[in-house]
Every structure is written in structure tokens, then in C-alpha cells.
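Only heavy atoms go into these numbers, but all of them, side chains included; no hydrogens, no water, no symmetry mates. Proteins get letters first, then strands, A, B, ... in listed order; numbering begins at 1 in each.
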Protein chains: 2
Amino acid sequence: MSTFRRRVIPDATIARLPIYQRCLMELEEDGRKKASSEQLAELAGVNGAKVRKDLSYFGTYGTRGVGYDVPHLLHEIRRELGMTHDWPCVIIGAGNLGSALAKFGGFVDRGFSVVAIMDVDQSKVGHQVGSLTVRHEDELPEVVKEFDISIGIITTTAAAAQDVADQLVEAGVRSILNFAPATLDVPYGVLVRDVDVAIELQILAFHEERRALSEAEIV
Amino acid sequence: MSTFRRRVIPDATIARLPIYQRCLMELEEDGRKKASSEQLAELAGVNGAKVRKDLSYFGTYGTRGVGYDVPHLLHEIRRELGMTHDWPCVIIGAGNLGSALAKFGGFVDRGFSVVAIMDVDQSKVGHQVGSLTVRHEDELPEVVKEFDISIGIITTTAAAAQDVADQLVEAGVRSILNFAPATLDVPYGVLVRDVDVAIELQILAFHEERRALSEAEIV
DNA sequence: GCAACTTTGTGAACAAGTGAACAAGCTCGG
DNA sequence: CCGAGCTTGTTCACTTGTTCACAAAGTTGC
Ligand SMILES: NC(=O)c1ccc[n+]([C@@H]2O[C@H](COP(=O)([O-])OP(=O)(O)OC[C@H]3O[C@@H](n4cnc5c(N)ncnc54)[C@H](O)[C@@H]3O)[C@@H](O)[C@H]2O)c1
Ligand SMILES: NC(=O)c1ccc[n+]([C@@H]2O[C@H](COP(=O)([O-])OP(=O)(O)OC[C@H]3O[C@@H](n4cnc5c(N)ncnc54)[C@H](O)[C@@H]3O)[C@@H](O)[C@H]2O)c1
């Protein structure tokens with residue numbers, strides 16, 4: 001076992017790396033070879049100091065007086081994010097949302113491919129969703145092994161989500177993206193990220209409400 | 001103008017209120033009348049101290065030695081979040097994702113209703129999506145006025161997102177939920193929240209990659 | 001009425017994240 | 001080769017968020 005301690009990258013930074021990646025991809029498409037921290041910051045909607053600090057965590061890729069080399073920085077961010085290879089994903093729940101995600105082609109250029117979609121509902125099993133055929137939930141262990149899946153996407157009803165999470169963990173999946181409005185309980189070492197659209201709407205509503213109250217107050 | 005200063009509620013707390021609301025709804029459905037901060041914390045996946053501190057920002061609703069009164073606390077959180085009335089929303093972009101969201105019935109019990117869905121594509125205008133008919137993007141100002149819409153949901157391609165955001169702002173919408181992978185530039189006072197599934201996947205991939213590297217190191 | 005027990009509300013320590021500021025380092029024109 | 005002009009990398013003070021720990025306030029049983 002090595003005593004080398006990998007540099008700790010703050011969570012906040014990790015969450016911004018994909019944004020920088022996207023901006024750099026746009027710059028590269030435009031044929032831009034160089035970009036300063038301020039230009040990158042403008043595109044990413046943050047400030048320059050943050051960009052410089054974020055990038056400094058994983059080495060020195062910029063040139064003072066010039067800026068960053070777009071293709072080089074893009075490559076380094078991709079490497080850091082593990083985008084040098086493809087990540088096979090499985091979607092559990094072939095409903096409205098699960099089908100939309102499965103049909104969506106936009107993940108491929110970010111390094112993700114949905115290789116299987118599954119459901120318990122016998123009336124959905126066997127049906128086509130985009131280029132995939134819905135398989136039965138029971139086959140999860142085999143599917144995970146077959147495609148060496150490391151990411152599971154839960155798009156079932158909230159009631160079924162914990163159950164599905166347990167099955168994913170049992171099958172060896174340690175990264176879960178959960179769209180169901182439920183708090184998942186998983187063992188240590190398994191990472192869950194929640195995407196809850198209703199929560200986002202409620203945060204917007206909270207601020208709208210406050211705005212309305214303040215305006216009423218002033219008038 | 002009043003000199004009364006509304007208590008400042010931290011952003012982190014606001015983001016957790018909807019989770020508490022959901023947990024309280026579940027408790028209420030189970031007929032539970034009381035809940036302690038620890039029980040609520042367990043359900044919400046946080047710790048008890050956080051729950052107590054969060055709730056303390058907007059007044060004292062608990063009883064020492066007993067806990068919180070479920071229906072009462074639920075009511076107060078709903079009031080704080082502006083869930084006492086309904087929020088009409090418009091979806092721009094009647095594609096894969098926009099249609100899935102429009103058809104989804106789950107927002108209603110959280111106080112949101114999608115009252116219109118719009119697109120520029122003439123081949124989509126007039127078509128039915130769930131109970132709604134797709135209207136042409138150009139009618140946005142009238143639609144916003146007609147339904148008194150305060151929340152706009154962008155589900156167009158990334159290339160069109162900034163343009164749509166400008167139109168929403170122009171029409172008077174000040175809260176935007178953006179699903180397109182693009183950084184939107186909006187005037188001061190307009191609130192944008194981004195939902196980017198690809199970023200979530202990339203964060204999961206980052207940790208998977210690190211995990212793989214650490215394991216390789218140990219062996 | 002009182003002692004034992006439970007749970008809240010909050011001050012204070014700690015941890016994480018942000019942003020201004022600036023020295024250090026690079027480029028380029030002359 | 002030098003000095004003017006940029007831009008990075010990093011330090012430092014500040015803000016925001018989390019957690020601990022415990023007094024205060026309530027309940028319950030006797
Ligand atoms: N549709 C949306 O726009 C939207 C938006 C935000 C959140 N969500 C959330 O995403 C989830 C899915 O939404 P939806 O609209 O697709 O619902 P849906 O009812 O259309 O689909 C749910 C699917 O999950 C399947 N399922 C149920 N239990 C299962 C199990 N144990 N194993 C495998 N599959 C199972 C069902 O058979 C069904 O096909 C819900 O939790 C919802 O709250 C949806
Ligand atoms: N589908 C998914 O599962 C998914 C997941 C994550 C993110 N997204 C993002 O959500 C967005 C939509 O995805 P999608 O799969 O629904 O794409 P889509 O191509 O199916 O739909 C986009 C729709 O937007 C419409 N549109 C384009 N420009 C417009 C304009 N100026 N005004 C009004 N409408 C306009 C198009 O006509 C089309 O109907 C994309 O930005 C995508 O990256 C989608």
C-alpha cells in the first residue's frame with residue numbers, strides 16, 4: 001500500500017469541472033487555441049479567481065501572460081474526470097422519464113452510454129425504447145456483469161426506489177443517480193446523487209414568494 | 001417602506017426544506033402526529049442538529065421533550081416555501097424531455113402545474129402532449145400574461161436556450177429552471193437554476209475513477 | 001410535587017468555500 | 001537584452017455551512 005496521498009479536490013470544484021469541460025468544448029469547436037481564466041469564467045458564469053483556483057488543484061496547465069491551452073486543458077480535465085473511457089449505465093424504470101433519458105443521445109459525447117433499460121412491468125418488458133429492448137428487472141445481476149456497469153439510474157416510482165437501490169448495490173453498482181423523490185439508504189462506499197426537479201421548482205417558488213412579499217411591503 | 005428586516009434563511013437550509021416537507025408528508029400519510037428532529041433527520045438523510053437549526057430559522061415550532069407536531073410543522077414549511085398557492089409553469093421545448101415533464105403528474109401535489117408547452121417547430125405546434133396542446137413559441141408573452149406565469153422551464157436544445165431565456169425575461173418571468181447544458185446570462189433579479197444530468201453523471205464518474213485508482217494502488 | 005428522562009434551541013468551535021489582491025513568471029516589441 | 005504589459009498561481013481574510021455540546025423546557029411516573 002502506497003503512502004502517497006492523492007491531492008484532495010474540494011467537492012465544489014469537482015462540480016464545476018464538467019462546466020469547464022463544456023465551455024472548453026465550445027471554445028475548441030470555435031477553433032480557439034487559448035483562453036484566459038477570465039474568458040473561461042465568463043463562459044462558465046463564475047469569476048476568474050475561482051477558475052484559476054479550481055484548475056490549480058490538479059496541476060499547472062496555464063502559462064502566465066498567455067492563459068490556458070484549450071486542447072491541453074480539455075484533455076487534462078477529461079482525464080481528471082475519468083472521461084478517457086466510456087461509462088456504461090443502466091436505467092431502471094422504463095416509464096416516462098426513463099424512456100426519455102434512454103432515447104436521449106446527448107450523453108454519448110460526455111462519455112456515457114445507456115446500455116440497458118429495465119422494468120418490472122411485464123407489459124413493458126420486450127418493448128423497444130430507442131435502440132434498446134426493455135429487459136426484466138430480475139436480470140439486473142447478469143446485465144451488470146455483462147456490460148460491466150458501474151452507474152445505475154433510478155427512474156422508478158418513489159415507492160420502489162429503495163428496493164431498486166438495494167438490488168443495484170447487491171449487483172455491485174456503487175454509483176447511483178436517483179430521480180425518484182426518496183431518500184435512499186445505501187452502504188458506506190456507495191455514492192448516490194439525487195436529481196429532484198420538484199425541489200428545484202420549490203426553491204424557485206421560495207424566492208418568488210419572498211420577492212412578492214418584499215414588493216408588497218415597499219408599496 | 002418598512003424597516004423590518006426579514007430573517008435571512010441560508011441557501012443550504014432552503015434547499016433542505018422541500019426534503020423535510022416530503023418526509024413530513026410521508027409521516028402524515030402514516031398517521032404520525034409527532035416527530036423528533038432525529039426521526040426527521042433519519043428520513044431526510046441528514047443529522048438531527050441540522051434539522052433543528054434549519055427549523056429554528058423560521059420560528060419555534062417544536063416542543064421540548066416531545067418533538068415537532070407533524071401537521072403544524074408541515075403547514076409552516078409549506079407557508080415558508082410559498083406552497084399555500086399554486087404555481088403555474090410554462091415549458092419551452094416540446095421535445096423528448098419537455099413532453100415527459102409536461103405529462104408527469106407528480107408536480108401537482110407539490111404545488112406546481114404545467115399550464116402551457118411551447119415550441120418553434122411548426123410540426124409540433126398544435127399536437128397534443130398529455131392534456132396540453134403545443135403552442136407556438138411566439139405566443140409566449142400572451143401565454144405568460146394569460147396564466148400569470150412566474151416560472152419558465154427550458155427544455156430546448158442548448159443552442160436555443162439563451163434566446164428562450166431572453167424571451168422569458170422579456171415576457172416578465174423571473175424564475176427559470178434550465179435543463180439545457182448552457183450557462184444562461186440573465187439580468188439582475190432573475191433567478192436561474194440548472195438541472196444538468198450529464199454533470200451529475202460526471203461527478204459520479206469522477207468518484208468511480210478515483211475509487212478505481214485507489215484500488216489499483218493498494219493491490 | 002418532584003425526580004428521571006427526553007428533546008429542543010442555540011452558542012461556539014470547526015470546516016468548507018469564496019474572492020480580492022498581488023508577487024511571480026511569461027511574452028513581445030523594440 | 002530589457003521593460004511594459006498580461007495572466008497565472010497562491011495567500012489571506014472573509015463568508016457560509018456543519019457539528020458538537022449543553023442549558024432550558026417540556027413530559028411522565030410515582
Ligand atoms: N416524468 C417526469 O418528468 C419526472 C420528473 C421528475 C421526477 N420524476 C420522477 O421519476 C420517477 C419516474 O417518473 P415517470 O414519470 O417515468 O413514472 P412512470 O410511472 O411513467 O414510470 C415508472 C416506471 O417504473 C417502473 N417500476 C416500478 N417499480 C419498479 C421496480 N421495482 N423495478 C423496476 N421498475 C419499476 C414502472 O413499471 C414504470 O414503468 C418518479 O419517481 C418521478 O417522481 C419524473
Ligand atoms: N431528453 C433527455 O433525457 C435529457 C436529459 C438531460 C438533458 N437534456 C437536455 O434537455 C434539452 C432537451 O432535450 P430533448 O431530448 O427534449 O431534445 P429534443 O431535441 O427532443 O427537444 C428540443 C425541442 O426544443 C425545440 N426548440 C428548439 N429551439 C427552440 C426555440 N428557440 N424555442 C422553442 N423551442 C425550441 C425543438 O423544436 C425541440 O422540439 C436539451 O438541451 C438536452 O441537452 C435532455
Q | Per-nucleotide protein contact string for nucleotides 18-25 of chain D, where B marks a base within reach and S marks sugar-phosphate only (heavy atoms under 4.0 Å, - for neither) | A | SBBB--BB
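Within a 6.0 Å sphere centred on CD of B/Glu42, heavy atoms belonging to other residues, nucleotides or ligands number 12 at most.
The CD atom of A/Glu38 sits 14 Å away from the C1' atom of D/dG9 (whole-angstrom rounding). Protein atom OH of B/Tyr68 is 18 Å distant from nucleotide atom P of C/dT6, rounded to whole Å. Atom CD in A/Glu42 sits roughly 14 Å away from atom P in D/dT7 (whole-Å rounding). Regarding A/Lys34, its NZ atom lies at a distance of 15 Å from the C1' atom of C/dC28, rounded to whole Å. Remark: P of C/dT7 and CD of B/Gln39 are 7 Å apart, rounded to the nearest angstrom. One atom, CG of A/Leu55, and another, C1' of D/dG9, lie 11 Å apart when rounded to the nearest Å. To the nearest angstrom, C1' of C/dT27 lies 15 Å from CG of A/Asp69. Taking atom OH of residue B/Tyr20 and atom P of nucleotide C/dT8, one finds them 12 Å apart after rounding to whole Å.
Side chains of A/Arg52 and A/Ser37: a donor-acceptor N/O pair is present below 3.5 angstrom, by distance only.
Under the 4.0 Å criterion applied to side-chain N and carboxylate O atoms, A/Asp69 and A/Lys33 are not assigned as salt-bridge partners. Note on B/Arg210 versus A/Glu80: salt bridge recorded, some NZ/NE/NH1/NH2 to OD/OE distance being below 4.0 Å.
Positionally, the nearest nucleotide of DNA chain C for A/Pro10 lies more toward the 5' end than for the other of A/Pro10 and A/Val66. Where A/Gly59 and B/Thr63 meet DNA chain D, the nucleotide closest to each residue was compared, and A/Gly59 sits on the side nearer the 5' end.
A side-chain hydrogen bond (donor to acceptor under 3.5 Å, both in side chains) check over residues 177-192 of chain B, counting only residues at least two apart or in different chains, returns the pairs A/Arg22-B/Thr183, B/Asn178-B/Asp194.
Of the candidates D/dT27, D/dT7, C/dT8, D/dT7 carries the atom nearest the A/Ser36 side chain, counting heavy atoms from C-beta on.
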Side-chain donor-acceptor distances from residues 87-108 of chain A under 3.5 Å, at least two apart:
from    : atom 1 : to      : atom 2 : distance (Å)
A/Trp87 : NE1    : A/Gly82 : O      : 2.8
A/Ser99 : OG     : A/Ala94 : O      : 3.4
A/Ser99 : OG     : A/Gly95 : O      : 2.6

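The main-chain N or O of B/Arg32 is never found under 3.5 Å from a side-chain atom of B/Asp30 such that the two would form a donor-acceptor pair.
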